[in-house]
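Read through the structure below, which is laid out as structure tokens, and then see the notes.
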Amino acid sequence: MAGTQFKYQFFIALKYSLYLCLVVFFTISCGSTAQPTSYESYAVRKGETVASIARDRGISESIIYNLNPDSKNGIKANSILILPASKFESGKSVNPLGLREHKVKAKETVFGIARDYNISADDLKRVNPDLNSRGVRKGEIILIPHSSTEISHKEKTGSSSHTPPGTMEYTVEPKETKYGIARKFGITIAELEDLNPHIKDELQIGAKIIVPSKKVVEQGEVDPDNFELYEVKAKEGFYRLKVKFGLSEEEIIALNPYAKEGLKEGMILKIPTSNKGVSKEEVKIVDLEKKIDNKRTKNLALMLPFRIAEDSIQNGEELIKRDPTLRVALDFYSGALMAAEFAKEKGISINIHVFDTGQNENKVNGILSGNNFNSTDAVIGPLLQRNVEKTAQVLEKNNIPVFSPLSNRELEMSSNLFQSLPTSGVLREVMIHYLKRHGNNKNIIFLTDAKHQKLSETVTSSLPATKIIVVRNNYVRDSDIQPQIDNSRENWIVLASDKPILVSSVVNVLSNMANSNDIRLFTLDKNEAYEWHEVSNSKLAKLNFTFPSVNKNTDSEENTEFFKRYKSKYGVWPNRYVTRGFDVTYDVILRLAAEKDLYQTANSASETVYVENKFRYEKGGTNGYSNQAAYILKYNENLKLDVVE
């Protein structure tokens, strides 16, 4: 249905034409402990396939693939496979290889499993070749070579004097971080912590830890002014890193020689800071209203969860009251319609086709299979993460851009997917870069609870002089912070916690200390804890509380053209979802009108700014585009928010 002709009467009627169908599925998985399986070698006969061998042996094909990774590429006559041993009438089994099987549990690592069976990680990888290029995966079956001695789980303590095979004791040096140590010995952070459970909360200078017996580089730490340490994500290869950082495979290997064997998830790489992202000085603000060149009719598709049904008219008002997702969809939709009106006034003709996705993935599949999107210039939505990922995957073959309007989670990106809302990771990076640019001669203190302590590694990799305070309880005292305060300069305290009681405690303590010290409070994530009733906004203002934000929270009193027209048309001021609907949709329309297609406008050095949101899309390591533009906001003395950057 065409959307531009939809008036407010439809918007009201829609509220009384809804059907709520909510089904919650609980999946309960049960596990059992199986007896160890014996294994034997098997010579493939002519004409046999993995499927026929699995059928003859009474096992699944996945077991064969797990035990013999190369068999995924096919098997040939006389090639040797490792299989569960055949059982004879005596009940005994042949096990010439001396192997047992282990089902990987959550959070287990190669080094942790090797330690438990008192074998080296190299021995484990030797009988499980796939582990040379990746970590273990929860639920998979791996082979364990024979060892005369195994370490009891009760003996797993960080201070144990036992050194597992293939490892050695190491003393933590000054300024060393977990990232640097992991890089020095060619392991992941998870593997380092699995070998040393006592460092999960805090890494102390002089601590004795267990590491692999061989270094892969002499120096794990990097010069923070020129380099940073990067943790390789799942499925990232050299091509994806080239797209993300502009570094060739040869350049990455030159900086990280151990990467010549291939990249694996969790690997720590040394990356030049100058190759990551765009500096504030390079960003160019572009007004696309002044660049309108392509005025042909634009075809947009809006995919939102209205959940309309003919028999729902009587229940519509009640559904709106109790269904927050529906309210968000309606608000976003009204903002999108307003964007279409603004575009028409600029001479841009728009057709908006609206699809009701509900919250059912099958309905999304039906929409994608039952409609022709070939003439669609862009799709905005669906709202739910799994649905927008599915939509992008289906439309990727036709190169149709798909915009995720509201999800800030890490998405499974397709080449045509645009994530319009900055992720929490982007917000952290924006805040850390702000601290790095403006924190010279400041006494920076990172105050964190145990849950968020890993972030201290991220902060110290960019700001090495940062002092760390780890809070073990739900509150702090003056004596916990005062020893780190410098009376001779400004103290910047960066708080990392989502515990309301702790946040309230920190704000109260710092507010009192600010009477005699120069103190400013920051956070990398302004979460719901800061909205708790015990957290005083006046004290936050006193501390010049500063945080990253996806929008700038425009006050209706500013009376922008959008605010005035929306209030006149609908009788209420627009909320943040209405404004988001306007900003996202208007940006997409103007980008289509400024260039031949949306991909040409995805220039990382160009930023567009609207009512509350701004957009700067960068091509990510997985070929999609993510919005890197965010605001830095600060509470002022009038308890309102100032845009700092």
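Keep in mind that the numbers below use all heavy atoms, side chains included, and drop hydrogens, waters and symmetry copies.
- Looking only at side-chain heavy atoms (C-beta outward), Leu463 and Lys436 come within less than 4.5 Å of each other.
- Asp498 meets the salt bridge (Lys or Arg N to Asp or Glu O under 4.0 Å) test with Lys451; sequence neighbours excluded.
- Contact of the Tyr65 side chain with the Val50 side chain is registered, since non-hydrogen atoms from C-beta on lie closer than 4.5 Å.
- For Glu396, the side chain to side chain donor-acceptor pair (under 3.5 Å) partners two or more places apart in sequence, or in a different chain, are Ser415.
- Not a single donor-acceptor pair under 3.5 Å links the side chain of Asn408 to the backbone N or O of Thr423.
- Between Ile187 and Val110 there is no side-chain heavy-atom pair separated by less than 4.5 Å.
- A donor and an acceptor atom, one from each side chain of Ser606 and Arg616, are nowhere located under 3.5 Å apart.
- In this structure a side-chain-to-backbone donor-acceptor pair under 3.5 Å is present from Asn68 to Ile64.
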### Task
Take Glu140 and Lys103 through the salt bridge (charged side-chain N to carboxylate O under 4.0 Å, His left out) test and state the conclusion after the steps.
CA-CA 6 Å; Glu140 75 172 330; Lys103 186 174 183 179; over 6 Å; no

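- Judged by distance alone, the side chain of Asp525 and the main-chain N or O of Phe547 form no donor-acceptor pair under 3.5 Å.
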### Query
Where do Glu108 and Lys138 land on the salt bridge (charged side-chain N to carboxylate O under 4.0 Å, His left out) test, with the steps shown first?
CA-CA 8 Å; Glu108 284 191 312; Lys138 178 185 175 182; over 6 Å; no

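- A salt bridge does not link Lys270 to Glu228: none of the charged nitrogens lies less than 4.0 Å from a carboxylate oxygen.
- There is no side-chain donor-acceptor pair under 3.5 Å between Lys526 and Ser549.
- You'll find the side chain of Tyr170 reaches within 4.5 Å of the side chain of Phe185, heavy atoms only.
- Take Ser497 and apply the side chain to side chain donor-acceptor pair (under 3.5 Å) test, not counting sequence neighbours, and it matches Asp449.
- At least one donor-acceptor pair closer than 3.5 Å links the side chain of Ser213 to the backbone N or O of Gly166.
- Under a 3.5 Å cut-off, the side chain of Asp194 and the backbone N or O of Ile113 do not form any donor-acceptor pair.
- Closest non-hydrogen pair, Glu176 versus Leu203, comes out as O-CD2, 3.8 Å.
- Residue Lys76 places its NZ atom among 12 or fewer non-hydrogen atoms of other residues, nucleotides or ligands, all under 6.0 Å distant.
- Within the structure, ring-ring contact (aromatic ring centres under 6.0 Å, His included) pairs that include any residue of residues 438-463 comprise Tyr434-His438 (at least two apart or interchain).
- In this structure, Lys390 places its NZ atom where only 12 or fewer heavy-atom neighbours from other residues, nucleotides or ligands lie under 6.0 Å away.
- In this structure, Ser71 has no side chain to side chain donor-acceptor pair (under 3.5 Å) partners at least two apart in sequence or on a different chain.
- Under 4.0 Å is where a charged nitrogen must lie from a carboxylate oxygen, and between Lys125 and Asp122 no such pair does.
- At a threshold of 4.5 Å between non-hydrogen side-chain atoms, the residues Lys184 and Val216 do not count as touching.
- Of the N and O atoms on the side chains of Ser626 and Tyr617, not one donor lies less than 3.5 Å from an acceptor on the other residue.
- You'll find the side chain of Ser404 stays beyond 4.5 Å of the side chain of Phe418, heavy atoms only.
- For the pair Asn440/Arg437, no side-chain contact is recorded, criterion being any heavy-atom separation below 4.5 Å from C-beta on.
- Taking 4.5 Å as the limit, every side-chain heavy atom of Val211 sits out of range of all side-chain heavy atoms of Thr167.
- No side-chain donor-acceptor contact under 3.5 Å links Asn196 to the backbone of His198.
- Under the 3.5 Å distance criterion, with hydrogens and angles disregarded, no donor-acceptor pair is assigned to the side chains of Gln393 and Glu389.
- A donor-acceptor pair under 3.5 Å links the side-chain atoms of Glu191 to the main chain of Thr188, judged by distance alone.
- Side-chain polar atoms of Lys442 and Asn491 form no donor-acceptor pair below 3.5 angstrom.
- Applying the side chain to side chain donor-acceptor pair (under 3.5 Å) test to Lys175 and every residue at least two apart in sequence or in another chain returns nothing.
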